[in-house]
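Down below is the structure, laid out as structure tokens.
Residues: numbered from 1 along the sequence shown.
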Amino acid sequence: MVRIEDMNRDALFVWVADLLAEMFELDRASLTPVSNLYADLDIDSIDAVDLAVKLKQMTGKRLQPDVFKTIRTIDDVVNALVALSTAPADTQTEAA
């Protein structure tokens, strides 16, 4: 399990960019914080759900649907993970 609580923003970006490159066979060197998941990286809605599931599997923390819907860029993913890492444990999980 990845402990996002122990990572700073830069480390989280590197981790997320590496994960995206691996999952979607993207050129890691081309990924920046402002890369748009949909327009720049051709990630579709099914891929985005796969990413959310993978993040939950790797961190044990679940992005809430209302937060997930607002994510557009890699930096948005990082911001959501930062918020999860500082949120009280009872707001991070809910019954599946």
Could you pull out the closest heavy-atom pair between [X] and [Y], with the gap in Å?
| X | Y | value |
| --- | --- | --- |
| Asp10 | Asn8 | N-OD1, 3.0 Å |
| Ile43 | Tyr38 | O-CD2, 2.9 Å |
| Gly60 | Met1 | N-SD, 3.4 Å |
| Ser30 | Ser35 | O-OG, 3.8 Å |

For this session: Hey, could you give me the CG/CG distance between Leu20 and Leu37, rounded to the nearest 0.5 Å?
Result: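 Answer rounded to 0.5 Å: 6.5 Å.
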Exercise. Measuring from Leu31:CG to Asp40:CG, what's the distance to the nearest 0.5 Å?
Worked result: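 If I round to the nearest 0.5 Å, the distance is 9.5 Å.
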Problem set entry | Pair Glu22 + Lys54, salt bridge at N-O below 4.0 Å |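 Salt bridge flag = no for Lys54 with Glu22.
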Problem set entry | Test side chain to side chain contact (heavy atoms under 4.5 Å, CB included) applied to Ile71 and Leu63, step by step | CA-CA 10 Å; Ile71 292 175; Leu63 290 173; 4.0 Å; yes
Exercise. Where do Lys61 and Glu5 land on the side chain to side chain contact (heavy atoms under 4.5 Å, CB included) test, with the steps shown first?
Worked result: CA-CA 11 Å; Lys61 299 174 191 291; Glu5 300 85 2; 2.5 Å; yes
Exercise. Would the number of heavy atoms belonging to other residues, nucleotides or ligands and lying under 6.0 Å from CD of Gln57 be above 12?
Worked result: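 For Gln57, atom CD is crowded (more than 12 foreign heavy atoms under 6.0 Å).
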For this session: Quickly, which of Leu41, Val34, Thr32 forms a side-chain contact (heavy atoms from CB on, under 4.5 Å) with Ile74? Name it, please.
Result: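 That would be Leu41.
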For this session: Give me the one residue out of Leu55, Val14, Val2 that meets side-chain contact (heavy atoms from CB on, under 4.5 Å) with Leu19.
Result: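 Exactly one option meets the side-chain contact (heavy atoms from CB on, under 4.5 Å) with Leu19, and it is Leu55.
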Exercise. Sequence neighbours excluded, which residues qualify as salt bridge (Lys or Arg N to Asp or Glu O under 4.0 Å) partners of Asp6?
Worked result: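 Expected list: Arg3.
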Throw together a table of side-chain donor-acceptor distances under 3.5 angstrom for residues 45-52, partners on residues two or more places apart or in other chains.
from  : atom 1 : to    : atom 2 : distance (Å)
Asp47 : OD2    : Asp44 : N      : 3.3

Kindly list each side-chain donor-acceptor pair under 3.5 angstrom involving residues 75-84, sequence neighbours excluded, with atom names and distances?
from  : atom 1 : to    : atom 2 : distance (Å)
Asp75 : OD1    : Arg9  : NH2    : 2.9
Asp76 : OD1    : Thr73 : OG1    : 3.4
Asp76 : OD2    : Arg72 : N      : 2.8
Asp76 : OD2    : Thr73 : N      : 3.0
Asp76 : OD2    : Thr73 : OG1    : 3.4
Asn79 : OD1    : Arg9  : NH1    : 2.8
Asn79 : OD1    : Arg9  : NH2    : 2.8
Asn79 : ND2    : Asp75 : O      : 3.3

Exercise. Below 4.5 Å, heavy atoms only, C-beta onward: do Asp18 and Phe13 meet side chain to side chain?
Worked result: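 No, side chains not in contact.
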